[in-house]
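One structure below.
Only this structure's heavy atoms are used, side chains among them; waters, hydrogens and symmetry mates stay out.
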Amino acid sequence: MPLDSPGAVLRLEVRPAPGARPASPDQVDARLREARRLLEERIPAPSWTPEAGDGVNGRIRLGSAAEAFPLLHKLRTELRKDPGPVPLDILAGLGAGGEPDGLARATEAFQALKRKRRQWTQAVVGAPESDVVLAALCRTIDNLIGGWTDAQWQAIYRRDHGKTLQQIGEDLGIAY
């Protein structure tokens, strides 16, 4: 099943980034409420379905698996645009296909992530050769974003919203 096939499911978990500065439980709760609000505002019902679990959990039904990576980028940069005392990570398992196949694949991808360190993204489309290529792509994305500093997250968010390098430098108090 190719990545551009109709229908996909994205399983998400938003949680505090490991190794972040110690924060109070109230600060963690406030950031997780912010993440939940963001998901509910950006992903209208019935596409977004909250689920029980640690942090903020749920699934998003997409019209196409190709929508997943741009959406993940947008959500991740939105949550990290101003990380404050509690930076958040999004773990995402993508499954191509409608329900129930897409959900089963997304769950498979998401469960595989839970066993891996420093990996936040996994995709399963149901075709072994495609799954191998997508796994490499997901590891590449994760290696890239895993090395971003708070300032880099902030800069990427501003770039995505049309700011120039000069404006970004001024906003963040750094050289462009």
Distance in Å, Q122 CD paired with L134 CG, rounded so as to fall on 0.5 Å steps: 8.5 Å

4.5 Å side-chain heavy-atom contact, R118 and N143: no

Hydrophobic clusters join Ile, Leu, Val, Met, Phe, Trp and Tyr when side-chain heavy atoms are under 4.5 Å apart, directly or via other members; which others share one with I168? L172, I174

Please check: side-chain N/O of Q154 versus main-chain N/O of A151, any donor-acceptor pairing under 3.5 Å? no

Using modelled atom types and a 3.5 Å cut-off, is there a donor and acceptor pairing between side-chain atoms of E41 and backbone atoms of L38? no

Path from V132 to L137 over hydrophobic side-chain contacts below 4.5 Å: no

Just to verify, what does E78 make a side chain to side chain donor-acceptor pair (under 3.5 Å) with, not counting sequence neighbours? R42, K81

In the structure I gave you, are the side-chain heavy atoms of I60 and T49 within less than 4.5 Å of one another anywhere? no

Do you know the tightest heavy-atom contact between A65 and A96? CB-CB, 4.2 Å

Go through the structure and list residues passing side chain to side chain contact (heavy atoms under 4.5 Å, CB included) with D171, not counting sequence neighbours. R158, K163

Is there a donor-acceptor contact under 3.5 Å linking the side chains of E108 and Q111? no

Where is the tightest heavy-atom contact between V86 and P16, given as atom of each residue plus distance? CG1-CB, 4.2 Å

Clusters formed by hydrophobic residues whose side-chain heavy atoms approach within less than 4.5 Å: which one holds Y157, and what are its other members? none

Can you find a pair of side-chain heavy atoms, one from E67 and one from L71, that are under 4.5 Å apart? no

Flag side-chain contact, heavy atom, 4.5 Å: T121 against I90: no

Identify, with sequence neighbours excluded, every residue that meets side chain to side chain donor-acceptor pair (under 3.5 Å) alongside E13. R15, K114

May I ask whether L72 and W48 are part of the same hydrophobic cluster, defined by side-chain heavy atoms of I, L, V, M, F, W, Y residues being less than 4.5 angstrom apart, directly or through others? yes

Could you tell me the separation between the CG atom of L62 and the CD1 atom of I43, rounded to the nearest 0.5 Å? 7.5 Å

Closest non-hydrogen atoms of G93 and A106, given as atom of the first, atom of the second and distance, are O-CB, 3.6 Å

Mind checking who shares a hydrophobic cluster with V9, ILVMFWY linked at side-chain heavy-atom distances under 4.5 Å? L103

Minimum heavy-atom distance A52-N57, with the two atoms named: O-CB, 3.9 Å

Could you give all pairs that pass the salt bridge (charged side-chain N to carboxylate O under 4.0 Å, His left out) test and reach residues 23-35, with sequence neighbours left out? R31-E34

Pair listing, salt bridge (charged side-chain N to carboxylate O under 4.0 Å, His left out) test, anchored in residues 82-96, at least two apart: R80-D89

Looking only at side-chain N and O atoms, does S47 offer a donor or acceptor that is under 3.5 Å from a partner on R59? no

Tell me, please, which residues at least two apart from E129 pass salt bridge (Lys or Arg N to Asp or Glu O under 4.0 Å). none

E40 side chain to R37 main-chain N or O, any donor-acceptor pair under 3.5 Å? no

Tell me the closest heavy-atom pair linking G147 and Q152, and the distance in Å. O-OE1, 3.6 Å

Name all pairs fulfilling the ring-ring contact (aromatic ring centres under 6.0 Å, His included) condition that reach into residues 101-149, sequence neighbours left out, sorted by first residue then second. W148-W153

Residues pairing under salt bridge (charged side-chain N to carboxylate O under 4.0 Å, His left out) where one sits in residues 131-148, two or more places apart or in two chains, turn out to be none

Between V28 and L12, is there shared hydrophobic-cluster membership here, with clusters defined by ILVMFWY side-chain heavy atoms closer than 4.5 Å? yes

Who passes salt bridge (Lys or Arg N to Asp or Glu O under 4.0 Å) against R11, sequence neighbours left out? E51

Do L88 and L32 have side chains that approach each other closer than 4.5 Å (heavy atoms only, starting at C-beta)? yes

Taking the side chain as everything from C-beta on, heavy atoms only, tell me whether L94 gets closer than 4.5 Å to V124. no

Could you tell me if the side chain of V14 sits less than 4.5 Å from the side chain of L39, heavy atoms only? yes

Closest heavy-atom contact between R105 and G126? NE-CA, 3.6 Å

